[in-house]
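To start, the structure under review is shown below, and the notes come after it.
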Amino acid sequence: MEYQAREIEQKWKKYWVENEVYRVSNQSDRPKYYVLDMFPYPSGSGLHVGHPLGYIASDIYARYKRLKGFNVLHPMGYDAFGLPAEQYALQTGIHPAVSTARNIKRYREQLDNIGLSFDWSREVVTSDPKYYKWTQWIFLQLFKHYYDPEEQKPKPISELIAHFEQYGNADIAAHTAQKETFSAEQWKAMSPAEKDAVLMNYRLAYRQLTYVNWCEALGTVLSNDEVKDGVSERGGHPVVRKPMMQWLLRITAYAERLLNDLQELAWSDAMKKMQSNWIGRSEGAQIFFPLAGSEQKIEVFTTRPDTIFGATFMVLAPEHPLVKEITTETQKAEVEKYLDYVNARSERERQAEKNITGAFTGAYALNPLLPADDPRAKIPVWISEYVLPDYGTGAIMAVPGEDERDFRFAQHFDLPVIEVVDKSQYPEAERGDKVGRMIHSDLLNGLEVKDAIPRIIEEIEKRGLGQKRITYKLRDAIFSRQRYWGEPFPIVYDPEGVAHPLDERELPLELPPLDDFKPASDGRSPLARLTDWVNLPNGYRRETDTMPGYAGSSWYFLRYMDPHNDQNFASPEALNYWRDVDLYVGGTEHATGHLLYSRFWHKFLHDLGYVPTKEPFKKLINQGMIQGVIEFAYLQKEKVNGYSRFVCARLAKMEPEHEFAHIPIPIQFVKDYGTEASYLDTESIEKFIQWRPEFKDAIFECANGIYHKGTFTPKNGAAGSHLFTHSETGKMSKRYHNVVNPDDVIERYGADCFRMYEMFLGPVEQSKPWSTKGIDGVYKFLRRFWQMFFDEQGRWALTQEQPDKKELKALHATLKKVSEDIERFSFNTCVSAFMSLVNELRTLKTRKRAILEPLVIAMAPFAPHITEELWHRFGHESSVHLADFPAIDESYLVEDTLVYPISINGKRRAEAEFPAQADKATIEQEALKLEAIQKWIEGKPVKRVIVVPGRMINIVV
RNA sequence: GCCGAAGUGGCGGAACUGGUAGACGCGCUGGAUUCAAAAUCCAGUGGCCGCGAGGCCGUGUGGGUUCGAGUCCCACCUUCGGUACCA
């Protein structure tokens with residue numbers, strides 16, 4: 001009987017929906033298990049074959065856990081706000097809500113097609129006002145709280161105000177950017193705007209001036225992504241960094257806990273390391289350096305205060321507020337020129353820059369540990385792009401003797417170097433390693449570095465020059481976007497510019513309708529043009545920025561627990577039942593964004609008593625990316641006699657790279673795509689021209705001839721054109737025209753085959769380019785599996801016979817391997833194990849129900865449709881996905897004898913069989929007697945014999 | 001640049017804790033079946049030498065630790081992800 005994937009799959013998909021097989025209740029006697037996939041952004045190109053890799057893996061795990069007796073929450077929804085929908089709206093005029101709804105519909109069809117066991121009654125969409133009401137609500141809680149680092153919890157701003165009114169701000173435990181202290185009287189004397197500014201230094205959600213990528217020509221703020229080499233990717237217009245008032249979240253208040261609590265998570269070490277490096281805790285000292293001839297001081301942060309006597313210059317971030325003030329007349333031109341250069345550079349370029357750049361301000365600072373008249377005390381103040389304004393204090397004391405980067409700077413600009421650490425006792429140590437004895441350092445001389453650090457901090461604190469300080473690389477997260485398609489801020493400003501929260505009863509503040517998505521003037525969001533919406537009758541005006549993508553995605557996993565609640569973001573009962581995500585599956589690309597922000601929001605909600613757990617995601621599995629093949633044709637930038645000219649990749653590579661533009665070619669046009677020899681033949685060139693008619697008159701310079709205006713003129717009588725294309729692996733994306741739709745694969749092979757094939761490709765964690773080589777093997781396997789249940793006439797052929805020992809051993813060995821492998825997320829080896837078992841049962845010609853029925857259950861998580869069909873043919877009324885995973889009986893697996901490989905000096909030379917219980921000594925004696933072994937040890941003394949029971953024997957001669 | 005990961009036959013990969021490298025599958029070769037093809041089935045398949053028994057080499061490159069290294073350590077090369085407004 002033929003295996004008809006499509007019929008079977010359609011039948012059971014319908015059955016699952018009608019019978020609500022995957023619906024999960026918040027009340028159950030079974031233990032809970034929460035399996036979550038990372039929130040997809042419903043992009044316009046639809047789901048590609050890379051997305052389901054993680055979804056299939058988590059689905060298998062969720063189904064397996066159900067078979068094992070758990071009440072499994074396995075939901076799905078959409079991170080529906082975002083930039084791409086808005087850009088699409090700009091190009092087409094189609095409202096983001098419309099395109100997003102369309103994309104979601106498509107995603108849903110594609111997800112359903114794969115046979116994933118989501119409880120769709122719990123779907124959430126971040127752009128739905130019923131959802132973002134609670135995103136706005138959480139934002140307001142952040143706005144209304146400050147953080148007390150001593151008690152390690154957020155406290156209401158109202159308490160802070162009460163404290164200010166009584167005592168000023170001197171003795172309050174608060175994570176704050178507030179530098180100046182004030183008394184109760186001074187506080188009371190402040191204007192509302194001044195008070196607002198002070199409170200912004202305490203709030204967990206606050207407003208501050210920060211830098212953005214500003215593109216004048218496009219009139220908009222750009223993401224780093226959209227900026228390449230200082231110009232906008234679209235149109236190539238200049239981009240500069242410009243300060244703008246923006247909302248931020250004070251995630252730095254939680255830095256220490258975000259770092260410490262990583263320990264208790266079952267995440268990969270790599271992932272934890274990336275987060276902890278991102279948080280970047282460093283201990284050191286804050287030190288104030290007075291400026292020569294000025295009242296001003298430069299505040300620096302250094303992890304090596306011990307090297308202060310080796311500080312021969314200072315470097316400020318070019319954005320540092322003091323730069324303007326301290327630059328001398330003579331240096332002004334140079335500094336300004338340098339500022340222009342830096343302004344056009346992205347942060348990433350600045351950090352990646354290997355060349356040394358900088359400018360001298362003309363000002364001098366004084367080493368506070370030396371008398372002002374000491375010749376060593378006066379040190380020049382420079383600016384350089386390698387000092388970033390947001391890290392530490394935006395200023396460093398440069399110690400070229402002990403820091404590689406400072407050293408290169410000193411060499412480049414011919415600045416003095418003072419060695420302050422004698423490393424002669426540590427020949428392995430390099431510049432900057434914290435070892436050695438202090439020299440040329442006054443009071444520190446002779447101390448080991450590790451003793452010098454606390455000693456100098458003590459001295460600095462005693463003299464009031466600074467103090468011990470812990471700094472984090474982690475920066476507060478910018479929370480404003482000058483865009484339309486995001487959550488509006490529930491904030492209004494009074495005529496004095498003071499920010500006021502909306503009353504929580506007014507939530508959600510709905511995004512007003514709009515039909516022109518161009519940015520407003522000064523880079524403000526399109527909302528700023530809706531003056532009726534912005535300006536309120538009482539003279540107040542609304543915030544016109546919207547929230548970023550990560551707002552909605554930082555807490556969605558909680559909403560799934562109780563998605564329709566309109567009194568709370570989720571009920572306390574639901575939160576207490578589901579608690580946290582037991583298994584989270586998603587890509588490493590979220591390591592430092594989403595995963596960190598979610599942990600922060602979760603902790604904040606935990607601190608306020610809303611959620612019972614400290615951490616949202618107990619276990620994390622990172623699925624690899626399935627990459628696409630990107631095919632480029634080389635287009636000569638300069639036209640030839642007015643014609644565009646495409647050049648064969650092999651010819652183009654002999655000429656300078658910059659003379660050609662890379663034009664992505666849809667992979668379906670390219671022959672042998674993804675190989676060294678990928679090419680376009682005449683037929684493909686014609687398809688390409690049809691698709692991009694602007695190239696209909698282009699010249700195609702092939703290796704073996706020229707194609708122009710419909711004719712191919714061969715060189716040397718060659719037949720058929722071969723315009724070689726250049727292949728790369730990279731993201732699957734609409735812009736590269738290389739998206740492979742899972743629907744097409746499923747249409748041909750069925751969803752079960754697609755699922756098993758994606759798993760069979762390799763470990764889920766690994767990235768690899770998509771290829772359908774080998775899918776036939778999985779398809780063949782499923783057909784053979786199906787045919788085991790039927791005789792040649794296509795009749796159901798199972799027998800009630802008792803299975804023999806061999807069959808039982810094969811079955812139970814597979815059940816054991818599969819359950820162990822599922823537990824360790826090794827799904828590819830599970831598929832192999834099923835293949836091996838089916839091969840074995842076919843040679844044994846097994847048609848026994850007692851063997852095949854447990855196999856059907858074990859395979860159900862992988863191939864849910866075919867197993868459901870077979871299960872019902874067994875005569876069961878309910879779903880196979882509600883069955884119990886078969887019990888594993890290890891007694892079938894016990895071996896009487898074991899085969900040992902025998903090595904001489906680590907090289908395998910023979911093998912021999914021994915009883916399973918044989919002791920080491922017996923094995924050793926027997927092994928040495930073997931003929932095949934005697935041959936090797938002849939004439940040489942046996943030095944040692946290593947017997948590893950159950951494993952191997954090694955003889956050393 | 002910095003942080004993280006990966007590199008094993010012609011290809012995807014297996015080897016879980018340092019113990020028989022290449023399971024399973026694709027592809028390829030030969031055979032069966034067929035008028036023929038598809039499909040299916042059977043056998044072989046890391047490289048080199050050898051009629052054979054067998055031997056030598058082999059897990060990105062170079063070194064090291066060990067009785068024994070794909071696995072551990074050091075250095076390097078290549079590719080991928082992130083680098084704070086793509087999501």
Side-chain angles (χ1 to χ4, degrees), chain A residues 38-43 79 81-84 87 212-213 221-227 246 268-278 280 346-354 386 390 405 473-483 548-550 553 587-594 596 622 624-625 627 728-731 733 757 760-763 765-769 771-778 780-781 783-784 820-821 824 826 828-829 831-836 839 899-911 943-946 948 950-957:
Chain A
M38 279 187 193
F39 221 19
Y41 175 80
S43 89
D79 185 11
F81 276 131
L83 196 56
Q87 256 157 10
V212 295
N213 297 313
V221 175
L222 297 176
S223 68
N224 285 342
D225 224 46
E226 300 169 288
V227 184
Q246 308 220 65
S268 70
D269 289 341
M271 189 54 76
K272 290 189 199 177
K273 210 168 208 166
M274 270 192 264
Q275 280 216 349
S276 86
N277 289 339
W278 184 260
S346 73
E347 211 171 290
R348 201 180 308 169
E349 284 170 330
R350 284 173 59 172
Q351 280 171 289
E353 186 59 63
K354 277 199 241 171
Y386 79 92
D390 301 308
R405 200 151 199 181
K473 203 152 79 215
L474 181 70
R475 305 202 297 257
D476 282 343
I478 300 176
F479 200 65
S480 293
R481 299 292 182 266
Q482 291 70 38
R483 310 282 180 193
Y550 68 86
S553 63
T588 49
E589 67 271 23
H590 298 288
T592 52
H594 162 64
L596 203 58
N622 294 115
M625 285 210 165
Q627 284 130 359
E728 277 178 20
T729 30
K731 279 190 179 166
S733 137
Y757 178 62
F760 190 60
L761 274 177
E765 302 91 335
Q766 232 165 73
S767 293
K768 56 220 140 209
S771 148
T772 47
K773 272 185 207 164
I775 194 167
D776 284 329
V778 176
K780 217 184 279 178
F781 157 73
R783 282 209 309 264
R784 288 172 178 171
E820 282 172 1
D821 285 0
R824 66 186 178 98
S826 174
N828 54 329
T829 53
V831 179
S832 298
F834 287 127
M835 286 176 169
S836 297
N839 287 346
V899 176
Y900 282 80
I902 305 169
S903 306
I904 309 290
N905 292 340
K907 277 205 173 295
R908 196 180 79 94
R909 296 298 179 186
E911 56 180 42
K943 277 201 217 150
R944 208 171 143 189
V945 180
I946 293 140
V948 184
R951 282 261 179 218
M952 47 68 70
I953 300 157
N954 190 20
I955 299 163
V956 187
V957 296

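These figures come from a predicted structure and were not determined experimentally. To find a chain, count down the sequence lines: A is the first, B the second, and so on, and within it residues start at 1. We use all heavy atoms of the structure for the numbers below, so side chains are in, but hydrogens, waters and symmetry mates are not.
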Quick check against the 3.5 Å criterion: does [X] have a side-chain atom that pairs as donor or acceptor with the backbone of [Y]?
{"X": "S268(A)", "Y": "M271(A)", "result": "yes"}
{"X": "N954(A)", "Y": "I946(A)", "result": "no"}
{"X": "K731(A)", "Y": "M625(A)", "result": "no"}
{"X": "Q766(A)", "Y": "P763(A)", "result": "no"}

At less than 4.0 Å, is any side-chain N or O atom of [X] found next to OP1 or OP2 of [N]? Yes or no.
{"X": "S223(A)", "N": "C86(B)", "value": "yes"}
{"X": "R481(A)", "N": "C85(B)", "value": "yes"}
{"X": "R483(A)", "N": "A87(B)", "value": "no"}
{"X": "N828(A)", "N": "G12(B)", "value": "no"}

What is the minimum heavy-atom distance between [X] and [Y], and which atoms define it?
{"X": "S771(A)", "Y": "Y757(A)", "value": "O-OH, 2.6 Å"}
{"X": "S832(A)", "Y": "F760(A)", "value": "OG-CE1, 3.6 Å"}
{"X": "R405(A)", "Y": "R350(A)", "value": "NH2-O, 4.3 Å"}

Report all interatomic pairs (protein N or O, nucleotide N or O of nucleotides 38-40 of chain B) with separations under 3.5 Å.
{"unit_1": "A39(B)", "atom_1": "O3'", "unit_2": "R783(A)", "atom_2": "NH2", "d": "3.4"}
{"unit_1": "U40(B)", "atom_1": "OP1", "unit_2": "R783(A)", "atom_2": "NH2", "d": "2.5"}

What does [X] touch in the nucleic acid at a heavy-atom separation under 4.0 angstrom: a base, only the sugar-phosphate, or nothing?
{"X": "N839(A)", "answer": "sugar-phosphate"}
{"X": "E820(A)", "answer": "nothing"}
{"X": "E349(A)", "answer": "nothing"}
{"X": "S903(A)", "answer": "nothing"}
{"X": "G82(A)", "answer": "sugar-phosphate"}
{"X": "P763(A)", "answer": "sugar-phosphate"}
{"X": "K473(A)", "answer": "base"}
{"X": "V945(A)", "answer": "nothing"}
{"X": "L474(A)", "answer": "base"}
{"X": "R350(A)", "answer": "nothing"}
{"X": "R951(A)", "answer": "sugar-phosphate"}

5′-ward residue of the pair R824(A)/D476(A) relative to RNA chain B: R824(A)

Closest-nucleotide 5' rank along RNA chain B - winner of R908(A) and R475(A):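 Its nucleotide being nearer the 5' end, the pick is R908(A).
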
Which nucleotide, in any strand shown, forms a Watson-Crick or G-U wobble pair with [N], with both distances under 3.5 Å?
{"N": "C24(B)", "result": "G12(B)"}
{"N": "U71(B)", "result": "none"}
{"N": "G81(B)", "result": "C3(B)"}
{"N": "G46(B)", "result": "C57(B)"}
{"N": "C41(B)", "result": "G31(B)"}

So [Y] and [X], do their side chains get closer than 4.5 Å, heavy atoms only?
{"X": "Q246(A)", "Y": "Q482(A)", "value": "yes"}
{"X": "M835(A)", "Y": "V778(A)", "value": "yes"}
{"X": "Q275(A)", "Y": "K272(A)", "value": "no"}

Could you work out which one of [options] sits closest to the side chain of [X]?
{"X": "Q482(A)", "options": "A23(B), G4(B), C85(B)", "answer": "C85(B)"}
{"X": "P84(A)", "options": "G12(B), C86(B), A84(B)", "answer": "C86(B)"}
{"X": "R348(A)", "options": "G25(B), U83(B), C16(B)", "answer": "U83(B)"}
{"X": "K768(A)", "options": "C26(B), A14(B), G13(B)", "answer": "G13(B)"}
{"X": "L761(A)", "options": "G13(B), G12(B), C24(B)", "answer": "G12(B)"}
{"X": "K773(A)", "options": "C26(B), A23(B), C56(B)", "answer": "C26(B)"}

G9(B) glycosidic torsion: syn (within 90° of 0) vs anti: syn

[atom1] atom, [N] versus [M]: distance in rounded Å?
{"N": "U78(B)", "M": "G62(B)", "atom1": "C1'", "result": "15 Å"}
{"N": "G9(B)", "M": "G64(B)", "atom1": "P", "result": "24 Å"}
{"N": "U59(B)", "M": "C26(B)", "atom1": "P", "result": "27 Å"}
{"N": "U8(B)", "M": "C3(B)", "atom1": "C1'", "result": "27 Å"}
{"N": "G70(B)", "M": "A87(B)", "atom1": "P", "result": "45 Å"}

Spacing of D390(A) atom CG and R475(A) atom CZ [to the nearest 0.5 Å]: 4.5 Å

Please list each protein N or O that sits under 3.5 Å from an N or O in nucleotides 65-72 of chain B, with the distance.
{"unit_1": "C67(B)", "atom_1": "O2'", "unit_2": "N954(A)", "atom_2": "ND2", "d": "3.4"}
{"unit_1": "C67(B)", "atom_1": "O2", "unit_2": "N954(A)", "atom_2": "ND2", "d": "2.5"}

Euclidean distance, atom CD of residue E911(A) to atom P of G54(B) [Å, nearest integer]: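 Answer to the nearest Å: 12 Å.
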
Nucleotide G4(B), atom C1' - distance to CD of E765(A) in whole Å: 14 Å

Set of side-chain hydrogen bond (donor to acceptor under 3.5 Å, both in side chains) partners for Q87(A), sequence neighbours left out: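 For Q87(A) the side-chain hydrogen bond (donor to acceptor under 3.5 Å, both in side chains) partners, ignoring immediate neighbours, are E226(A).
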
All side-chain hydrogen bond (donor to acceptor under 3.5 Å, both in side chains) counterparts of Y386(A), not counting sequence neighbours: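 Partners of Y386(A) under the side-chain hydrogen bond (donor to acceptor under 3.5 Å, both in side chains) test: D406(A).
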
By ring pair (Phe, Tyr, Trp, His ring centres under 6.0 Å) - contacts of F781(A) (at least two apart): none

Heteroatom pairs (N/O) under 3.5 angstrom, protein to nucleotides 76-82 of chain B:
{"unit_1": "C80(B)", "atom_1": "O2'", "unit_2": "Q627(A)", "atom_2": "NE2", "d": "3.0"}
{"unit_1": "G82(B)", "atom_1": "OP1", "unit_2": "K731(A)", "atom_2": "NZ", "d": "3.4"}
{"unit_1": "G82(B)", "atom_1": "O2'", "unit_2": "T592(A)", "atom_2": "OG1", "d": "3.4"}

L596(A) and L474(A): CA distance, side-chain angles, deciding distance, side-chain contact (heavy atoms from CB on, under 4.5 Å) verdict: CA-CA 10 Å; L596(A) 203 58; L474(A) 181 70; 3.7 Å; yes

